[in-house]
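Here the structure comes first, spelled out in structure tokens, and everything after it is commentary.
Below, each value reflects all heavy atoms present in this structure, side chains not excepted, and no hydrogens, waters or symmetry copies. For the single chain, residues carry numbers from 1 onward in sequence order.
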Amino acid sequence: MRSFDAIVLGAGITGTSAALHLQGRGLRVALVDRDAPGEDATRGNDGLIGRDGYSALSVPLGLPGILAGALTRRHGLGIDSRSLPDLARFFAEARLAARPSSAARAARALAPLQAAAAAEHLALARAASALRFFRRTGWIKLLRSRRARELAEVDRHFARILGVPYVDLDAVEIVRLEPHLRSLEEAAIYWPESQSVSSPGGVTRAYGRLFRERGGDVEIGEAGSLIDTRQGFALRTVRGEVGAPIVVLALGAGVSPVLARFGLGLPLAACRTYHRHFRAVSGVSLARPVTDQEGGFTLTPMERGLRLVGGTELMSPARALGAAPLRANALQRAGAAAKALLPLGSLVEERPAAGVRVFVPDQLPIVGEMPGMPGLWLSVGHMRDGFSLAPAMARLLADLVTDMMPLADPQPYSPSRFLVG
């Protein structure tokens, strides 16, 4: 068996960033996944490095809203009906986390990580020769409905408290920033410190190459083979067994079956989001991500064309990892709304693609060591800021693993707040 100081399971942006930060602390690290870095859920996000206030994703909490979400989609959010029994604890915890005081705690907890996110990304991108993917053009959130305006006021409230700059835009000012958007009667908020990338998968692959160039091992293996050896952990890869005293689970929805192997569980939901690309129309361009909260989508420029991201659906991790059918109807409706907003060309792909992420009841990531399981660490549940926060969360994880002064107070992210089993 080949021995390492740490094994990171999951080679998306979260796991690859964690492997780089642990490597930077002098640890010999193996990065293990069934695919190469950047080849799974990381490819399908909006590539946004958001610097806004704080407005949580609107999730139905009462029984009527949950049932309605299972039958139809509200603001682009749907619920897989067959997952409802498995999501009972998730919704119960989400109701507790929906109190105004909880939202304030979440905003304060995320603030130092959001503030550090862009710098942490750019430091890795510079070392990985990946700066070409990044653009500093900000982010527009359209306010088409009363609900969107309510969420925007929450955003503004926390932005003022946390010192995050924003600009309120009227219809004329929106078109000044994005001249090819069709005439609007709505308002918007512009977040000038937000950044975005033209290829989330390209960024993650570049980080993976940097990890290898610095001496890291990238292995193909299945997280389901992980075992507790009493002296540490071991699992099988195509190149043989590897072992380490520290294992980091950065598996997204795949964390649930791995924890179950050790008799552990967390009240997690999986979040499936769809995306597809449209070819550019001659003379039409978009300089930055534009989010339509009422329509439940984000439209953002990517290397492959204009990417439409939306159609969010909550389901149990087991259903997301298993045979739950792809349902892209909400994305099709979002596509019609997007075409009314900006001229779009022909489709690049015949079928939309789907990415699966973890959704935590209080909408904060889970980062820390599992109580009662020394050496087993988690970095999951980034949801609303997955791509954005990954390097900052990786730095926090590395701080904790190596007993350094943490980047932020780690307590709000501890897995102990939800641990059952």
Heavy atoms from other residues, nucleotides or ligands near CZ of Arg212 exceed 12 (cutoff 6.0 Å): yes
Shortest non-hydrogen separation from Ala18 to Leu397 and the atoms involved: CB-CD2, 3.8 Å
Given Arg276, His275, Gln332, the one that forms side chain to side chain contact (heavy atoms under 4.5 Å, CB included) with Pro352: Arg276
Side-chain (Arg288) to main-chain (Thr137) donor-acceptor, under 3.5 angstrom: yes
Between Asp385 and Ser388, a side-chain donor and acceptor under 3.5 Å: no
Side-chain heavy atoms of Leu84 within contact of Ile79, under 4.5 Å: yes
No-hydrogen, no-angle side-chain donor-acceptor test under 3.5 Å, Arg108 and Tyr54: no
Any side-chain heavy-atom pair of Pro165 and Arg51 under 4.5 Å: no
Side chain Arg307, main chain Asn45, donor-acceptor under 3.5 Å: yes
Under 3.5 Å donor-acceptor, Ser145 side chain and Ala148 backbone: yes
Gln23 side chain vs Phe211 backbone, donor-acceptor pair below 3.5 Å: yes
Where Val8 and Gly15 come nearest, the two heavy atoms and their spacing: CG1-O, 3.5 Å
Pairwise distance CG(Leu22) to OG1(Thr402) - rounded to 0.5 angstrom: 8.0 Å
Side chain to side chain contact (heavy atoms under 4.5 Å, CB included) between Glu173 and Tyr190, intermediate numbers included: CA-CA 10 Å; Glu173 291 164 332; Tyr190 174 57; over 6 Å; no
Other residues, nucleotides, ligands: >12 heavy atoms within 6.0 Å of Arg160 CZ: yes
Ser379 vs Pro365 side-chain heavy atoms within contact, under 4.5 Å: no
Asp168 vs Arg156, side chain to side chain contact (heavy atoms under 4.5 Å, CB included): CA-CA, chis, key distance, verdict: CA-CA 10 Å; Asp168 287 312; Arg156 292 188 190 95; 2.9 Å; yes
Non-hydrogen side-chain atoms of Val401 and Arg25 separated by less than 4.5 Å: no
Passing option when Val284 is tested against Leu181, Leu306, Leu342 for side chain to side chain contact (heavy atoms under 4.5 Å, CB included): Leu342
Asp33 side-chain N/O to Ala11 backbone N/O, donor-acceptor pair under 3.5 Å: yes
Contact check, side chains of Leu259 and Leu376, non-hydrogen atoms, under 4.5 Å: yes
Side chain proximity check, Arg144 to Leu341, heavy atoms < 4.5 angstrom: yes
Reference residue Leu142; test side chain to side chain contact (heavy atoms under 4.5 Å, CB included); the match among Ile189, Leu169, Ile174, Thr291: Ile174
From Arg34 atom CZ to Leu9 atom CG, the distance as rounded to the nearest 0.5 Å: 12.5 Å
Side-chain donor/acceptor of His277 to backbone N/O of Glu303, under 3.5 Å: no
CG on Leu378 to CZ on Phe418, rounded to 0.5 Å: 12.5 Å
Approximate separation, where rounding is to 0.5 Å, of Ser199 OG and Phe134 CZ: 10.5 Å
Nearest non-hydrogen partners of Leu347 and Arg279, listed with the distance: O-NH1, 2.7 Å
Heavy-atom closest contact (Cys271 atom, Thr312 atom, distance): SG-CG2, 3.2 Å
Side-chain touch Val380/Leu251, heavy atoms, less than 4.5 angstrom: no
Side chain Arg182, main chain Lys339, donor-acceptor under 3.5 Å: yes
Contact summary for Arg272 and Ala354, nearest pair of heavy atoms: CG-CB, 3.9 Å
Interatomic spacing from OH in Tyr274 to CG in Leu331 - rounded to 0.5 Å: 9.0 Å
Within-4.5 Å side-chain heavy-atom neighbours: Asp52 and Lys141: yes
Backbone N/O of Leu226 and side chain of Arg261: donor-acceptor pair under 3.5 Å: yes
Leu235 and Glu222: CA distance, side-chain angles, deciding distance, side chain to side chain contact (heavy atoms under 4.5 Å, CB included) verdict: CA-CA 8 Å; Leu235 79 156; Glu222 287 290 340; over 6 Å; no
Salt-bridge criterion met for Arg149 and Glu153 (N-O under 4.0 Å): no
Donor-acceptor pair between Thr298 and Thr300 side chains, under 3.5 angstrom: no
Salt bridge (Lys or Arg N to Asp or Glu O under 4.0 Å) assessment of Asp362 paired with Arg105: CA-CA 10 Å; Asp362 62 3; Arg105 283 195 298 273; over 6 Å; no
Expected output: side-chain Glu369 to main-chain Gly375 donor-acceptor under 3.5 Å: yes
CA sep, side-chain torsions, deciding dist, call: Leu113, Tyr413, side chain to side chain contact (heavy atoms under 4.5 Å, CB included): CA-CA 12 Å; Leu113 301 173; Tyr413 308 107; 2.8 Å; yes
Side-chain donor/acceptor pairs under 3.5 Å, residues 115-130, sequence neighbours excluded:
from, atom 1, to, atom 2, distance (Å)
Glu120, OE2, Arg395, NH1, 2.7
His121, ND1, Tyr207, OH, 3.0
His121, NE2, Phe387, O, 2.8

Gap between atom CE of Met393 and atom CD1 of Ile366 - 0.5 Å precision: 10.0 Å
Qualifying residue for side chain to side chain contact (heavy atoms under 4.5 Å, CB included) with Phe90, from Leu268, Leu266, Leu314: Leu314
Side-chain donor or acceptor of Thr273 paired with backbone N/O of Gly310 under 3.5 Å: no
Smallest separation among heavy atoms of Asp86 and Ser316, with atom names: CB-CB, 3.8 Å
